[in-house]
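Accompanying notes for the structure given below.
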Number of protein chains: 2
Amino acid sequence: MSARTTQHEYTIKEAAALTGLPASTLRYYESIGVIAPISRGASSGHRLYGEDDLDQVMWVACLAATGMSVSDMKRYVANGQVGPSAAREQIELLEERRRRLTDEAQQLVLRQRYVALKIDYWHAVDAGDEARAELLSGEARVLADELRRA
Amino acid sequence: MSARTTQHEYTIKEAAALTGLPASTLRYYESIGVIAPISRGASSGHRLYGEDDLDQVMWVACLAATGMSVSDMKRYVANGQVGPSAAREQIELLEERRRRLTDEAQQLVLRQRYVALKIDYWHAVDAGDEARAELLSGEARVLADELRRA
DNA sequence: TTAGGAACTTCAAGTACTTGAAGTCAAAGG
DNA sequence: CCTTTGACTTCAAGTACTTGAAGTTCCTAA
């Protein structure tokens, strides 16, 4: 590393704002070892986040956003510090994430169709169109049947 | 109510898929009284969700999705009953839910791209392709920013 | 310099699910 | 008919925060 002399330091509140994680979660992640211990102010004992700390927290925030569990994040971050030797495990972890995201996407499409159907249904009920409401109810049933086959 | 003779019934798995709430959450909500007790199969004891039950669960799912606490949902459902009289309010909530699902879908696509990029990155590292790893690392950073702002 | 308030600290308890264990039930294949 | 497979059941324990209490420190302004 080169010119780190001008390393700015941030309070927990600033770090929270910059990474999008609540301050309470930052403390929690540190307490269980998902992120490394943050240095403290000499007199205050308050946490002081450096640029490097912020990078790490942002990385963890990304993993959390993809739905990775805390224990997996812990392992992933630990491996990231080890280096290229952990590439295989990184890939395995990420492949698993990808599979889960694909499943999620399929579920999401189904849900979008169901909600759209329900909106039409309540419009029909509101308009007193009993026949159309019944029809749309049937379509919801078809959607459920499709689900059984999938 | 009129032609409710053709009322279709759904398993907890189907109800979960259609409403977007996990089966475990459906049971949990029922156990704490957020949703009414669901009728059971005569011999099996398994829950059987009717169309009306599904409407109620969908309603509760909408409330939950907007961040309402469980205790508030309980009070809300207990006081203001759910029915055709509330069609307009149902539609409003479902429209909001549709918007959120659209956002979720967009977010999901970004996450898929992010994870795919990270997989490529680690493959590059594993293959010792420094240049490609560096390139992909930069791309991931751009995408991470997009992910956070979305 | 001293008072007040905002922001920080730890620790314990609460919330809202989520998962695992152990067992029941029902349709499909031999 | 019997076994296997898979979805369901309850209940207890675990997870991932989140909130609240009680106390300390920082900052501003009189």
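Letters A, B, ... mirror the listed sequences (proteins, then strands); counts begin at 1.
Among the nucleotides C:dC8, D:dT9, D:dA16, the one closest to any side-chain atom of A:K13 is C:dC8. Nearest nucleotide to the A:I12 side chain, out of D:dA7, D:dT18, C:dC8: C:dC8. Which of D:dA16, D:dT18, C:dC17 sits closest to the side chain of A:S24 comes down to D:dT18. Nearest to the side chain of B:Y28, among C:dA16, D:dC8, D:dC17, sits C:dA16.
Comment: A:E30 does not engage A:R27 in a salt bridge, judged by the lack of any side-chain N to carboxylate O separation of less than 4.0 angstrom. Using a cutoff of 4.0 Å between basic side-chain nitrogens and carboxylate oxygens, B:R47 and B:D53 are not scored as salt-bridged. Salt bridge status for B:E92 with B:R88: absent, with no side-chain N to carboxylate O gap under 4.0 Å.
At a threshold of 4.0 angstrom between heavy atoms, the contacts of A:S69 are confined to the sugar-phosphate backbone, with no base atom among them.
With ring centers used as reference points, B:H123 lies 6.0 Å or more from B:Y121.
Residue whose closest nucleotide on DNA chain C sits further toward the 5' end, between B:Y29 and A:R40: A:R40. Residues B:G45 and B:M73 each lie close to DNA chain C; by heavy-atom proximity, the contact nearer the 5' end of the strand is made by B:M73.
OP1 or OP2 of D:dT18 lies within a sub-4.0 Å distance of a side-chain N or O belonging to A:T25. Under 4.0 angstrom from either OP1 or OP2 of D:dT9 there lies no side-chain N or O belonging to B:S44. Of the side-chain N and O atoms in B:R27, none sit less than 4.0 angstrom from OP1 or OP2 of D:dT10. OP1 or OP2 of C:dT10 sits under 4.0 Å from a side-chain N or O of A:R47. Note on A:S43: every side-chain N or O is 4.0 Å or more away from OP1 and OP2 of D:dT25. A:T11 has a side-chain polar atom (N or O) that falls below the 4.0 Å cut-off from OP1 or OP2 of C:dC8.
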